2 protein chains.
Amino acid sequence: MQADDVFKALGDPTRRRLLDLLCEQNGQTLGQLCEHLDMTRQSATQHLGILEAANLVSTVRRGREKLHFINPVPLHEVYERWVRKFERQRLSLLHDLKKELEGE
Amino acid sequence: MQADDVFKALGDPTRRRLLDLLCEQNGQTLGQLCEHLDMTRQSATQHLGILEAANLVSTVRRGREKLHFINPVPLHEVYERWVRKFERQRLSLLHDLKKELEGE
DNA sequence: AGAATATGCAGGTAAATACCTGCATGTCAA
DNA sequence: TTGACATGCAGGTATTTACCTGCATATTCT
């Protein structure tokens, strides 16, 4: 499982913004994405590289352009592994805390 | 929304391990948690502080001990805001990529 | 071919991060 | 009270990270 790469990738606001931008319009080029970011193209490239390494973004070259597509699969796997686990025990976990606060 | 704190907190494997440990047995002390980690107590304290700042862990003092409890609420909010969004568009996003790979 | 455009690649830096050591404080139990 | 135990706090350091500048390469269009 690449949980570490995925979480690290999601840990940066710029990269979450990139995913948001791709969610609005999938298949954007590097240049298009950069228009919405307040940093140099080179920095954005690094962020996209991290997203790609985490398999959250796939790219396709078209001529001199590079198109970026979201891959929702790893996000789903992370959800299955992490969120649902805690979700399932949500009520009982809060119960534990409440009991303790009440003095056992 | 504290999305940034939550994602940053989840971005470290040690902190995810701590959440796992608390999921196995909620309300553990700092000392108990340290037994499962390969680092000094002080380092673990920092990690727990980050989890607490992200509101993923709540603590209760009992005498000289400090008990740690998972708070699943922020994780649920992150799920609602991030995972479901992409999940909803999962098939169409993959469709976009497939189309592009086939040459439009 | 030559200019404009889109991206790639190679460093360089300041700040954040994840560790650590050393010592202080507070609590329990004999 | 005194010793053992659980945690808190104050730095110090090496690595990672998120930016940047400068230049190279590849593609399109006239």
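Numbered from 1 within each chain, the chains take letters A, B, ... in sequence-line order. Remember, it's a predicted structure, so these values are computed and weren't measured experimentally. Heavy atoms only: backbone and side chains are in, while hydrogens, waters and symmetry mates are out.
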Peer 1: Under 4.0 Å from OP1 or OP2 of C/dC19: is there any side-chain N or O of B/His47 that close?
Peer 2: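 Answer is yes, contact under 4.0 Å.
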Peer 1: From the options C/dT7, D/dA18, C/dG22, select the nucleotide whose nearest atom is closest to the side chain of A/Thr29.
Peer 2: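 Minimum distance to the A/Thr29 side chain belongs to C/dT7.
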Peer 1: Start at the 5' end of DNA chain D and walk down; is the nucleotide closest to A/Arg64 or to A/Met39 reached first?
Peer 2: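 Of the two residues, A/Met39 wins.
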Peer 1: Measure from CD on B/Gln46 to C1' on C/dC19 and round the result to the nearest Å.
Peer 2: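 Distance, rounded to whole Å: 8 Å.
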Peer 1: Quickly work out the A/Leu48 CG to C/dG8 P distance and round it to whole Å.
Peer 2: 9 Å
Peer 1: Separation of A/Arg61 atom CZ from D/dT25 atom P, in whole Å?
Peer 2: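 In whole Å, D/dT25 P and A/Arg61 CZ are 15 Å from each other.
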Peer 1: For the pair made of CZ in A/Arg62 and P in C/dA6, what is the distance, rounded to whole Å?
Peer 2: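 To the nearest whole Å, that distance equals 12 Å.
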Peer 1: OP1 or OP2 of C/dG8 less than 4.0 angstrom from a side-chain nitrogen or oxygen of A/Lys66, does that happen here?
Peer 2: yes
Peer 1: Hydrophobic clusters here meaning ILVMFWY residues chained together by side-chain heavy-atom distances under 4.5 Å, can you tell me if B/Ile50 and B/Leu22 are in one?
Peer 2: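 Looking at the clustering, B/Leu22 is in a separate group from B/Ile50.
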Peer 1: A/Arg41 side chain: which of D/dC23, D/dC5, D/dG8 is closest?
Peer 2: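 My answer, after comparing the listed nucleotides, is D/dC23.
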Peer 1: What closest approach, in Å, do B/Leu37 and B/Ala44 show between heavy atoms, and which atom pair accounts for it?
Peer 2: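 For B/Leu37 and B/Ala44, the tightest heavy-atom pair comes out as CD1-CB, 4.0 Å.
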Peer 1: Keeping B/Gln28 on the side-chain end and B/Leu21 on the backbone end, is there a donor-acceptor pair under 3.5 Å?
Peer 2: yes
Peer 1: Just by distance, do the side chain of B/Arg16 and the backbone of B/Leu10 share a donor-acceptor pair under 3.5 Å?
Peer 2: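 Judged by distance alone, yes, a pair lies under 3.5 Å.
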Peer 1: When the distance from CG of A/Asp12 to P of C/dT17 is rounded to whole Å, what number comes out?
Peer 2: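 Going from CG in A/Asp12 over to P in C/dT17 covers 11 Å.
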Peer 1: Rounding to an integer number of Å, can you tell me how far B/Glu65 CD sits from D/dT7 C1'?
Peer 2: 10 Å
Peer 1: Once you round it to whole Å, what is the distance between P of C/dT17 and CG of B/Leu51?
Peer 2: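 Rounded to the whole Å, the gap is 14 Å.
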Peer 1: Compare side-chain N and O positions of A/Ser43 against OP1 and OP2 of D/dC20 and report whether any pair is under 4.0 Å apart.
Peer 2: yes
Peer 1: Please report, rounded to the nearest Å, how far the P atom of C/dC19 is from the CG atom of B/Leu18.
Peer 2: 10 Å
Peer 1: Could you measure the distance from the NE2 atom of B/His47 to the CG atom of B/Asp12? Nearest 0.5 Å is fine.
Peer 2: 4.5 Å
Peer 1: Go through D/dA18, D/dC19, C/dG8 for me and flag the one nearest to the A/Ile50 side chain.
Peer 2: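 The nucleotide sitting nearest to the side chain is D/dA18.
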Peer 1: Between the base of D/dG11 and the side chain of B/Gln42, is there any donor-acceptor pair under 3.5 Å?
Peer 2: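 Result: no qualifying N/O pair found.
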